[in-house]
Every structure is written in structure tokens, then in C-alpha cells.
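Report on one structure; see the data block that follows.
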Amino acid sequence: MSGDSKSGKWECNDALKAWVSDRLLVLLGFSSPEFVEFAIGLAKQATSAADVVGKLEEYGLAFSDDLHLFAEEIFSKVPWKVSPRKQKTYENEGGTGTGSGKAVFEDQIEFIKESMLKISKAKSELETLHEDRRTLPIYAHRDSLLKAIEEHQVLVIVGETGSGKTTQIPQYLHEAGYTKRGKVACTQPRRVAAMSVAARVSQEMDVKLGHEVGYSIRFEDYTSEKTVLKYMTDGKLLRELLGEPDLASYSVIMVDEAHERTVSTDVLFGLLKDIARFRKDIKILISSATPDASKFSDFFDCAPIYRIPGRRYPVEIQYTKAPVADYLDAAIVTVLQIHVTQPPGDILVFLTGQEEIESAEEILKHKISGFGLEIPELVICKIFSNLPTELQAKIFQPIPIGSRKVVLATNIAEASLTIDGINYVIDPGFCKIESYNPRTGMESLQVTSISKASANQRAGRSGRTGPGKCFRLYTADSYKTKFDDNTPPEIQRTNLTSVVLSLKILGIQNLLNFDFMDPPSNEALVTKVGRQMAGFPLDPMLSKMIVASDKYKCSDEVISIAAMLSVGNSIFYSPNGEQVHADHARMSFHTGNVGDHIALMNVYNSWRETNYSTQWCYENYVQVRSMRRARDIRDQLERLLERVEIELTGCPNDLQAIKKAITSGFFSHSARLQNYGSYRTVKHPRIVHIHPSSGLADNFPRWVVYHEVVLTTKEYMRNVTELKPEWLVEIAPHYYQMKDIKDA
DNA sequence: GAGCACTGC
């Protein structure tokens, strides 16, 4: 790493990527940015060239000698990112997982998600799968399943993880001739699942990815005219529906992982039900991993439920005899108890967030040091989505034989990520869940009891590679009486304005069952502005801001701001013990009290000036991952500008123009200063405060426009910019009159 | 002077 300049480092990375991409094209006949990341990620985790081969095999990719050669080449070329790789001295000598616990984490490499993990789950299973699809549980049901699909327009399919439904059903449909009438779509909640399953199926069918089998996700469309089996994210299908409301080019839509109930799947349900009414030739398959599928069946007019058996190891569940007073304390005690009394096997603890995980880590370390050498080594790992990539690496590293791993995780380990080698799960029964009050437009994250479905999902994480045990830190009685059956679906907990906008564009006007503070007005939707707004995959207010930037000739700046805002609040990282430096770095973008929106733009521009340097991100306590995502979104927005005929224009020195564009989108989010530093929102008056992380927190401008209000310890406005009150009347005369902005 | 569960277009 020494001596490489900022740009040099990037070039080196790009050269490596280009090389990997070329090799993949030759070897597999396909390549894509995500696949390149995937391959490099594998090699980074590997401890030897043979290890790379092993990992490739796990994904069913090492089927030729050339690929073995590739493994050796890539291993020698990939730099050591985190720490010098130890030679694998701790071989898995018949242990039960301790010492070889493999963890597969998504964001290190942006590709491993649930469906891919299904494939890599058990090696023996995978090998047989690769040899012969006929050994899958689903195969015995092939003909009766096809018969059921033929007989019913809508079919609910229940199949546990590992039954092969995601990879096999589309192939069966292809074999049965459905693809002669149109494409078969299979939707996934996560990008990586769509991508990896498509790659898998293309291998099974012995075709090049992107030909007969393809995938389509945001930023990557890997399909062609030849494509008949199309894996895609559910949100992507939703976007396609805007252009093809009857889905005429499809003969079958399979909504996979429907039990996750994302907003997109829920919206798809409603639209598909409607489409099925006037397109009698289309088949709808709803696939769920939860046994209770009656809700899906009821929704689709009592559609029949088809069950496919799965494979799973038994999990022994234990409850506490009495309620525990402090679940964090109880969890730590349980970890130590398991460590001392139970046979080998790693431990997974579900906690609610970063802060809790970090304090648990401290306490555990302290307690263990008290035991000295009396007990075997316990290796502590942590995982949550905001943890920077380089710190996630610990979860991949082999641990000494005779020691045990404990993973402190958020909900990320419940469905998005699988850690192999876990035999024990500790479940305190809580998680953080988003709630959104549509009346006030306020969001909050609150610690809540989990649902029964969630508890069972957590327990199941211990039984993936062998029989498991789950220790629930609550009583059997409270499980029965206090836990809801299911987590309320996301659609009931989140801001739906962009969903509403999309549905309105589809001509669905009657959405008044929801109570919105600021529903997009009907007139906005039939004008050019409305159509332009719907062209952007963003919240309506962000889209409006971009559309307005045309008028103020600052679209170049505004799309950067929109991209940064839509990445969310995970731009900055503040590690334990370095908060002062992190704060200082963050405030350096606020010079001149420009406001948080302009500061975000400054962050983006500074990063761009370093040629998108990773090192720059580390130095400024900025999350690399978030910045790359912002860059992707910004690139997409730039392309979309052209489509809606907005010119890309910049006005780097006219901050007022940029602020006016922001105000055009967020005019309903205005607030004026009260006494004692509090603010009052102008319409629907409410007392709010500037979030302490804001660059204007100590500045108290008289008028501000804010991105959002969040409820934490107080009601805070997050991301605020100063505005002149007369702009409100100028920009949004239908919303504000002079009396609203007059001094009281 | 406070805090960021997890996805996706």
C-alpha cells in the first residue's frame, strides 16, 4: 500500500477490475461490475489459491481447468486489503464448525445474499445439485407442480429454503413451453439474489448469462432479446410496469420470497391481481418460505397453496423460566454459559443496533479477561450494516482450533446474511423497527418486541449446518401471549409518497385509504412536471427539486445533492474513540454556514476531485460504500435528465440558485426560528429542533428548509438549509401566502 | 450537543 498516490491507487484497482472482467468474459462468457467485485471479493477473503478454487466451487463456478488457473492468477494479483493473510493453519479436522466457521457477508463484496447462500449452504448438497438437478426435493413434485400451474391462474407455493424453488421452477416452466408465449420473470427482494440465481441457472441450462437467462437490477440490465428467464428485483419489475402496464411480454410472473413483504412485493400483489383479471393467459406464482401462506391465498381469491418439503436440521428451543430484567446482561451471561458448558459450535447473538453491540463487546471482553486461561478462547465478531467493509473482515478470518466464535449481530443476520457454523442462537426478542407517522411525516426508529415469525427465523439460523439450539431470553408464556404472529409489513410503516406517485402514473387514482400529509397533487401529475418527476426513481420531493433545478440552471449540483440525500444518513462514519476527529472532518464541509445540502454537495465534489479515492474517504471519515452508491445514483440521474429533456447545467458559485431549487422540492418542509433555539414548522405547526449533527446547529438561521424530521430524543430536523421566506411565496404561491411568512 | 434496524428503484 505504501507510496501509492490517490489516483495511482484507483488506477491500480481499475486495472485489476479490467483484467478480471476480461478473464471472466473468456472463461464464463459473461462479466459485469458486480461479478467482478464478486470475484475480487472472493480472492480477498481467500487464504491461498486453493482456497479461491474452493470458494469458486462453492458457488458452482469452478468447472474447468482454466478456472483453476484463473483462481491462482487472481489470488496472486489481488492486494491484501485488511491484514496479512495467515496461511490456513487451522484446518477443519473433523471439528463441528469451530475454527472453520465460514461467514459470508454481503457488503464486503456486494453479492452474497440469501438465495446465493441457499446454494452454497452445504457442500455435499451443492455438489449433487451441480451434478444433477433431479436430486432436489422439488424434483419429485415437478409434474404435479406443473399440472397445478396449468390448472390455476394464481398459485401460492410454499417451499423452505433449500427446496430449489427459485432456481428450478422457472426452468420447469421453460421446459413446459411457457416461454414460447412470453418471458418468465422471477422477482427477488435483493439485488444480489437476482444476480446470483440468474448466474446459477444459466450454468445449469448451459447458456451464457444474458442470453436465454438474464437478470435486471438497478444499474445493471443483463438481458437481451433472447432472454426468456429473467431474474429481477421486485422494485425493478415495478419500474418496468410504468412502461408496460399489462406486462404483455411476460407469460409468467413468479414473486419469490413473498413472505418478506417488502413495499415492492406488496404493491406488485395489488397490480398483479388486477392484471390477472384482464389477462387470462398470464400465470402468477407467489412463492413464500413461511408455512402460513393463507394470507396470500386469501388475497388472490383463495388461490390454492402448493407445498414443497424442505431440508432443515432440528433446533432445540429454550426459554427463560422468568422474565429477565436486563436482556443485554442476560445475553452476555448466556454467551459465557454456552461457552463453558456446551459442545463446540459458534454463537450468534441478535442485538438491536451498533451502540448495543459495541457495549456488549466491551463487557464480554472485560469478563473474559477476568477468566484468564481458565476457559477456551472466545473470538468476538460484530456485524451491522453500517460497519465499514474493512472492519467486517474479522468475520471471515479463521479462528484457532479449540476456540469458539461469538457473532454479535443486528437483524442483518436474520434474513440478509447467513453465517455458517452457527450452532447456538441467543435471541433477546427485540429489534429496531422503523415507524412512520403519515399525519406528521415523522419517522422514528424504535426498539420493539419481535414477532413470532421473526423469532422462528432467528432460531432457524442455528440449524443450517447441523442440529442447533436457540436460547430465548424471554418466557414461553410471553412468546405465546405478547408476541405478534408477524411483523407488520413495511408498507404500513414507511413513507409511501413515491409509491403513490408511481401508482398514479399507472392510472390508479383511488389510493385514499392512506392518510398523507403531503400527497402529490393531481394536477401535478398530469402536467409535464408530474411526468418528469415520475421519470426519476426518487422520492417525489427530490424529483421535484431536480425538475426545478432546470429553471435555476443548476441541475449539475442538484443531482449530486439528490444522490447524496437518497443514500440516506450513513454518509459519515464515527468509530468508537475517534468521534472528535470524525466531527472535525464532517464540519470541514460546512465552511461558510452553507447548510447541510450544500455541504453534502461539497463532500461529493471533494471526493470526485480526488478521482473517487478510497483513501480520501478514510481520511475524512466518509463511508466508501455510501459514496460509491451516491456516484451510481448520480450517474443514473444524469442519464435520466436527458430523457426528460432537462439540460445538465452548473452554477458552482450561485448558491442561492441551488437553495431555491431545494426549496422548490421541499417547500412544505419549512420552519421558522422561535425563542430559545427551537423551530416551528410553518404549515401544520409543530415544535422541532435542528439536529446536532447539522452544520447549522449552532447557527440558528431564522428560516430553514429541512429534508426530514426524525423522532429520537427530540423531534429533530435532519439536513437543513437556510432560506429567505419570500422564496416560499415566490416558489409555492399555491401553498403559502404572505400572512404565513409575516413576522408574528 | 446527538446517534444511524434493513432493503430497493
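Below, each value reflects all heavy atoms present in this structure, side chains not excepted, and no hydrogens, waters or symmetry copies. Here is the naming used below: chain letters follow the sequence lines, and residue numbers restart at 1 for every chain. The structure presented is a predicted model; accordingly, all values stated were derived computationally and were not measured.
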Between [N] atom [atom2] and [X] atom [atom1], what is the distance in whole Å?
X	N	atom1	atom2	answer
A:L351	B:dC4	CG	C1'	16 Å
A:E257	B:dG8	CD	C1'	15 Å
A:Y215	B:dG8	OH	P	14 Å
A:F536	B:dC9	CZ	P	17 Å
A:Y716	B:dC4	OH	C1'	14 Å
A:N411	B:dC4	CG	P	16 Å
A:L238	B:dT7	CG	P	19 Å
A:E715	B:dG1	CD	P	19 Å

**Q.** Whichever of A:I433 and A:D583 has its nearest DNA chain B nucleotide further upstream toward 5'
**A.**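 Final value for this comparison: A:D583.
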Q) If each of A:K432 and A:R239 is mapped to the nucleotide of DNA chain B with the nearest heavy atom, which maps nearer the 5' terminus, i.e. the 5' end? A)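 Nearest-nucleotide comparison on DNA chain B picks A:K432.
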Q: Please check the phosphate of B:dC6 (OP1 and OP2 only) for any side-chain N or O of A:S385 closer than 4.0 Å.
A: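 For A:S385, the contact criterion (side-chain N or O under 4.0 Å from OP1 or OP2 of B:dC6) is met.
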Q | Under 4.0 angstrom between A:R191 side-chain N/O and B:dC9 OP1 or OP2 | A |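 So the side chain of A:R191 is within the cut-off, an N or O lying under 4.0 Å from OP1 or OP2 of B:dC9.
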Q. If you look only at pairs with a residue in residues 690-700 of chain A, which of them pass as a side-chain hydrogen bond (donor to acceptor under 3.5 Å, both in side chains), with sequence neighbours excluded?
A.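 Sorted result for residues 690-700 of chain A: A:D596-A:S694, A:H691-A:S693.
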Less than 4.0 angstrom from a charged side-chain N to a carboxylate O is my criterion; do [X] and [Y] meet it?
X	Y	value
A:D632	A:R629	no
A:E257	A:R190	no
A:K230	A:E240	yes

Q. With a 4.0 Å cut-off on heavy atoms, is A:T713 in touch with a base, just the backbone sugar-phosphate, or nothing at all?
A.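 Result for A:T713 = sugar-phosphate.
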Q.
Counting the atoms with a prime plus P, OP1 and OP2 as sugar-phosphate, which does A:T712 contact under 4.0 Å by heavy atoms, base, sugar-phosphate, or nothing?
A.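 The residue A:T712 makes sugar-phosphate contact but no base contact.
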Side chain of [X]: nearest nucleotide among [options]?
X	options	value
A:Q354	B:dA5, B:dG3, B:dT7	B:dA5
A:T233	B:dA2, B:dA5, B:dG8	B:dG8
A:R190	B:dT7, B:dC9, B:dC4	B:dT7
A:S693	B:dA2, B:dC9, B:dC6	B:dA2

Q: Using only heavy-atom distances, determine whether the side chains of A:D427 and A:Y474 contain a donor-acceptor pair under 3.5 Å.
A: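 Result is yes, a qualifying pair exists.
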